[in-house]
Amino acid sequence: QLKRVPRTGWVYRNVANPESVSDHMYRMAMMALVTEDKNLNKDRCLRLALVHDMAECIVGDIAPADNIPKEEKHRREKEYENQSTAEAKFVKQLDQCEMILQAFEYEELENTPGRLQDFFDSTAGKFVHPEILQLVSLINRERKKRTAATSHPLP
Ligand SMILES: Nc1nc2c(ncn2[C@H]2C[C@H](O)[C@@H](COP(=O)(O)O)O2)c(=O)[nH]1
Ligand SMILES: [Mn+2]
């Protein structure tokens with residue numbers, strides 16, 4: 001079912017062929033698989049990544065634009081949102097990091113640098129894990145280069 005549930009955030013922004021919720025969870029699982037953080041229970045991270053949006057096959061992929069209060073969204077999605085363990089906190093950051101990586105990739109595919117800025121803005125202050133901070137800064141660096149190249153094309 002989740003292979004057929006498109007990620008609402010991209011649908012609302014008219015992204016062509018938007019990824020599914022499964023696509024999103026799959027890459028998060030791969031990102032968890034390659035983490036070098038020995039303090040994390042990698043197996044638990046993988047399992048959280050693979051199921052964290054499972055509720056969406058029932059409640060749907062609720063985007064900010066749906067204006068459903070956070071408490072109500074969490075009530076519908078319960079447990080994982082509590083983010084009680086280090087692994088849950090890490091996977092929540094992966095959730096946001098994978099989203100901005102996907103936003104950057106869509107801007108590249110469409111050649112529309114900066115179009116999905118609101119996805120980046122909504123993650124401000126949400127990253128604390130060192131490896132994720134490193135990946136986010138790489139994404140931002142690459143994206144800045146693209147935006148600069150487009151606004152000041154080489155002669
Ligand atoms: N336009 C925006 N859409 C967003 C933003 N943050 C999340 N989203 C989308 C992405 C998913 O389709 C959906 C729910 O995300 P979850 O991570 O809660 O599954 O909402 C944003 O800042 N702007
Ligand atoms: Mn998610």
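Indexing begins at 1, ligand by ligand and atom by atom, following the structure's order. Model, not experiment: these values are computed from the prediction.
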Open item on the list: For a quick check under 3.5 Å, do Thr123 and Gln96 share a side-chain donor-acceptor pair by atom type?
Closed with: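 Side chains of Thr123 and Gln96: no pair found under 3.5 Å.
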Open item on the list: Under a 3.5 Å threshold, yes or no: a donor from one side chain and an acceptor from the other, between His24 and Gln102?
Closed with: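 Checked: His24/Gln102 side chains show no N/O donor-acceptor pair below 3.5 Å.
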Task: Residue-atom pairs from the protein, N, O or S only, that lie under 2.8 Å from the Mn ion (ligand 2) - done: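 Protein N, O or S atoms closer than 2.8 Å to the Mn ion (ligand 2): His24 NE2, His52 NE2, Asp53 OD2, Asp95 OD1.
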Heavy-atom gap [X] to ligand 1 smaller than 4.0 Å:
X	value
Ala65	no
Tyr12	no
His52	no

Side chain or backbone of [X] under 4.0 Å from ligand 1, or both, or neither, by non-hydrogen atoms?
X	value
Asp95	side chain
His24	neither
Val21	neither

Task: For Asp61, atoms of ligand 1 separated by under 4.0 Å from a heavy atom - done: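 Under 4.0 Å from Asp61, ligand 1 has these atoms: 11 (C), 12 (O), 13 (C), 14 (C), 19 (O).
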Task: The one among Ala63, Gly9, Pro64 that brings a heavy atom closest to atom 5 (C) of ligand 1 - done: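 The residue whose heavy atom sits nearest atom 5 (C) of ligand 1 is Pro64.
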Open item on the list: Could you work out, for atom 18 (O) of ligand 1, the closest of Lys73, Lys92, Arg7 by heavy-atom distance?
Closed with: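 The residue whose heavy atom sits nearest atom 18 (O) of ligand 1 is Lys73.
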Open item on the list: With ring pair (Phe, Tyr, Trp, His ring centres under 6.0 Å) as the rule and sequence neighbours excluded, what pairs involving residues 96-121 come up?
Closed with: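 Passing the test, one end in residues 96-121: Trp10-Tyr106, Trp10-Phe119.
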- [ ] State whether Asp23 and Arg27 are salt-bridged, where the test is any N-O pair (Lys NZ or Arg NE/NH1/NH2 against Asp/Glu carboxylate O) under 4.0 Å.
- [x]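 Looking at Arg27 together with Asp23, the answer is no, because their closest N to O distance does not fall below 4.0 Å.
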- [ ] Keeping the roles fixed (side chain from Thr8, backbone from Asp61), state whether a donor-acceptor pair exists under 3.5 Å.
- [x]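 Yes, because the side chain of Thr8 sits within donor-acceptor range (under 3.5 Å) of the backbone of Asp61.
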Open item on the list: Has Glu87 got a side-chain atom pairing as donor or acceptor with Leu48's backbone, closer than 3.5 angstrom?
Closed with: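 Flag not set: sc Glu87 to bb Leu48 has no pair under 3.5 Å.
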- [ ] Taking atom CG of Asn17 as the centre, report whether more than 12 heavy atoms of other residues, nucleotides or ligands fall under 6.0 Å from it.
- [x]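 Incorrect, the count does not exceed 12.
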- [ ] Mark yes when over 12 heavy atoms from residues, nucleotides or ligands other than Glu142 sit less than 6.0 Å from its CD; otherwise mark no.
- [x]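 It does: Glu142 CD has more than 12 such atoms within range.
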Task: 4.5 Å side-chain heavy-atom contact, Leu2 and Asp53 - done: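 Side-chain contact under 4.5 Å: no.
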TODO: From the options Arg143, Arg13, Arg115, select the one residue that forms a salt bridge (Lys or Arg N to Asp or Glu O under 4.0 Å) with Glu107.
DONE: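 Checked Arg143, Arg13, Arg115 against Glu107; only one passes salt bridge (Lys or Arg N to Asp or Glu O under 4.0 Å): Arg143.
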